[in-house]
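Below is one structure, written out as structure tokens; the observations come after it.
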Amino acid sequence: MNAIEEFYRVAFARYGDLEWWPADDPFEVAIGAILTQNTSWKNVERAIERLKCDGLLSPNTISDVPMEKLAEAIRPSGYYNQKAKKLKAFVEWFREELDCDFSAGDTMPTAHLRESLMSVKGIGPETADDILLYAFEKPVFVVDAYTYRIAVRHGWSPPDVGYDELAEIFTSSLDEDVFLYKNFHAILVEIGKTFCTKKAPKCVNCPMKPTLRNGTPLVIV
DNA sequence: ATCCTGGAAA
DNA sequence: TTTCCGGGAT
């Protein structure tokens, strides 16, 4: 068992299934993935609740509603003007490429779907991978700031690693398993928020401390 | 490197 | 008061 598998084994014993991504359906996952860009999930929940109340959480309504009204509905998630455009760009892609049907992605190669998603203005690699994994159920490993921080501090990766390169470090160390990838990312986010924080990491109380091999963490607080 | 933005935490 | 979010575009 390699260090990354060992990390997950210990983490799963502690956290179990975190049940990501919390949403009623894949469309809500995709919308949430855009709204959560550089934004706390709590504020995204408010924005999604407002979309639901206004009857706006569907491809047709997002296409038809005026930009200003959409922006107002998602206001709590921040960057509301930018994100209103992003939501409209996404639903336009969703209709044209998939006829508003996520299952249409089942027969498409993951790499093609990923490139296609990333061609949408407002969808970068992380958001694309959120959508691929949690909405399309494709086996891609999501990399985010928490993933990077934890990977570097545990010595799994050099600090100058690129996005795709870091994803590869995880996928090459793990079985290809959609549930595993979903829950691993959820666990990294949870640990990154509570213990492996950007400033003043709480290594002393961290449940992952037993998984460190050569006293590897760059920071022990 | 800077901008986009609200809300909570430090 | 500053910092930080489940980033991405210019």
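Since this is a predicted model, take the numbers as computed values, not measurements. Chain identifiers are assigned alphabetically (A, B, ...) following the order of the sequence lines, protein sequences preceding nucleic acid strands; residue numbering begins at 1 within each chain.
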Could you tell me whether [X] contacts a base, only the sugar-phosphate backbone, or nothing, with contacts defined as non-hydrogen atoms closer than 4.0 Å?
{"X": "T127(A)", "value": "sugar-phosphate"}
{"X": "G124(A)", "value": "sugar-phosphate"}
{"X": "K83(A)", "value": "nothing"}
{"X": "V143(A)", "value": "nothing"}
{"X": "Q82(A)", "value": "base"}
{"X": "I34(A)", "value": "nothing"}

Mind checking the [atom1] distance from [N] to [M]? Whole angstroms is fine.
{"N": "dT2(B)", "M": "dG6(C)", "atom1": "P", "value": "24 Å"}
{"N": "dG8(C)", "M": "dA8(B)", "atom1": "C1'", "value": "23 Å"}
{"N": "dC3(B)", "M": "dT3(C)", "atom1": "P", "value": "16 Å"}
{"N": "dG7(B)", "M": "dA9(C)", "atom1": "P", "value": "25 Å"}

In whole angstroms, how far is the [atom2] atom of [N] from the [atom1] atom of [X]?
{"X": "N81(A)", "N": "dT5(B)", "atom1": "CG", "atom2": "P", "value": "5 Å"}
{"X": "R149(A)", "N": "dC5(C)", "atom1": "CZ", "atom2": "C1'", "value": "10 Å"}
{"X": "I191(A)", "N": "dG6(C)", "atom1": "CD1", "atom2": "P", "value": "14 Å"}
{"X": "L188(A)", "N": "dG6(C)", "atom1": "CG", "atom2": "P", "value": "13 Å"}
{"X": "K199(A)", "N": "dA10(B)", "atom1": "NZ", "atom2": "P", "value": "12 Å"}
{"X": "D130(A)", "N": "dG8(C)", "atom1": "CG", "atom2": "C1'", "value": "13 Å"}
{"X": "M118(A)", "N": "dG7(C)", "atom1": "CE", "atom2": "P", "value": "16 Å"}
{"X": "D144(A)", "N": "dC4(C)", "atom1": "CG", "atom2": "C1'", "value": "14 Å"}

Among I123(A), V120(A), V29(A), I31(A), find the residue that satisfies the side-chain contact (heavy atoms from CB on, under 4.5 Å) test when tested with I131(A).
-> I123(A)

Residue pair P125(A)/S40(A) against DNA chain C: nearer the 5' end by closest nucleotide is S40(A)

Hey, which sits more toward the 5' end of DNA chain C by its nearest nucleotide, P22(A) or G122(A)?
-> P22(A)

Nearest-nucleotide wise, let me know which of R46(A) and N38(A) is further upstream toward the 5' end of DNA chain B.
-> N38(A)

Which of parallel (below 30°), tilted (30 to 60°) and perpendicular (above 60°) describes H154(A) and W156(A)?
-> tilted

Parallel, tilted or perpendicular, as decided by the 30° and 60° cut-offs, for the rings of W20(A) and H185(A) | perpendicular

Does [X] make a side-chain N or O approach to OP1 or OP2 of [N] shorter than 4.0 Å?
{"X": "T36(A)", "N": "dC5(C)", "answer": "no"}
{"X": "K198(A)", "N": "dT3(C)", "answer": "no"}
{"X": "R50(A)", "N": "dG6(B)", "answer": "no"}
{"X": "Y79(A)", "N": "dG8(C)", "answer": "no"}

Check step by step if side-chain contact (heavy atoms from CB on, under 4.5 Å) holds for I191(A) and Y15(A).
-> CA-CA 10 Å; I191(A) 292 171; Y15(A) 292 101; 3.7 Å; yes

Residue R75(A), side-chain atoms from C-beta onward, closest of dG8(C), dG6(B), dG6(C) = dG6(B)

Could you check which of dG7(C), dG6(B), dC5(C) has an atom nearest any side-chain atom of E126(A)?
-> dG7(C)

So, does K83(A) use its side chain to make a donor-acceptor pair with the main chain of Q37(A) at under 3.5 Å?
-> yes

Is there side-chain contact between F27(A) and I62(A), with heavy atoms separated by less than 4.5 Å?
-> yes

To the nearest 0.5 angstrom, please state how far the CD atom of E176(A) sits from the NZ atom of K138(A).
-> 10.5 Å

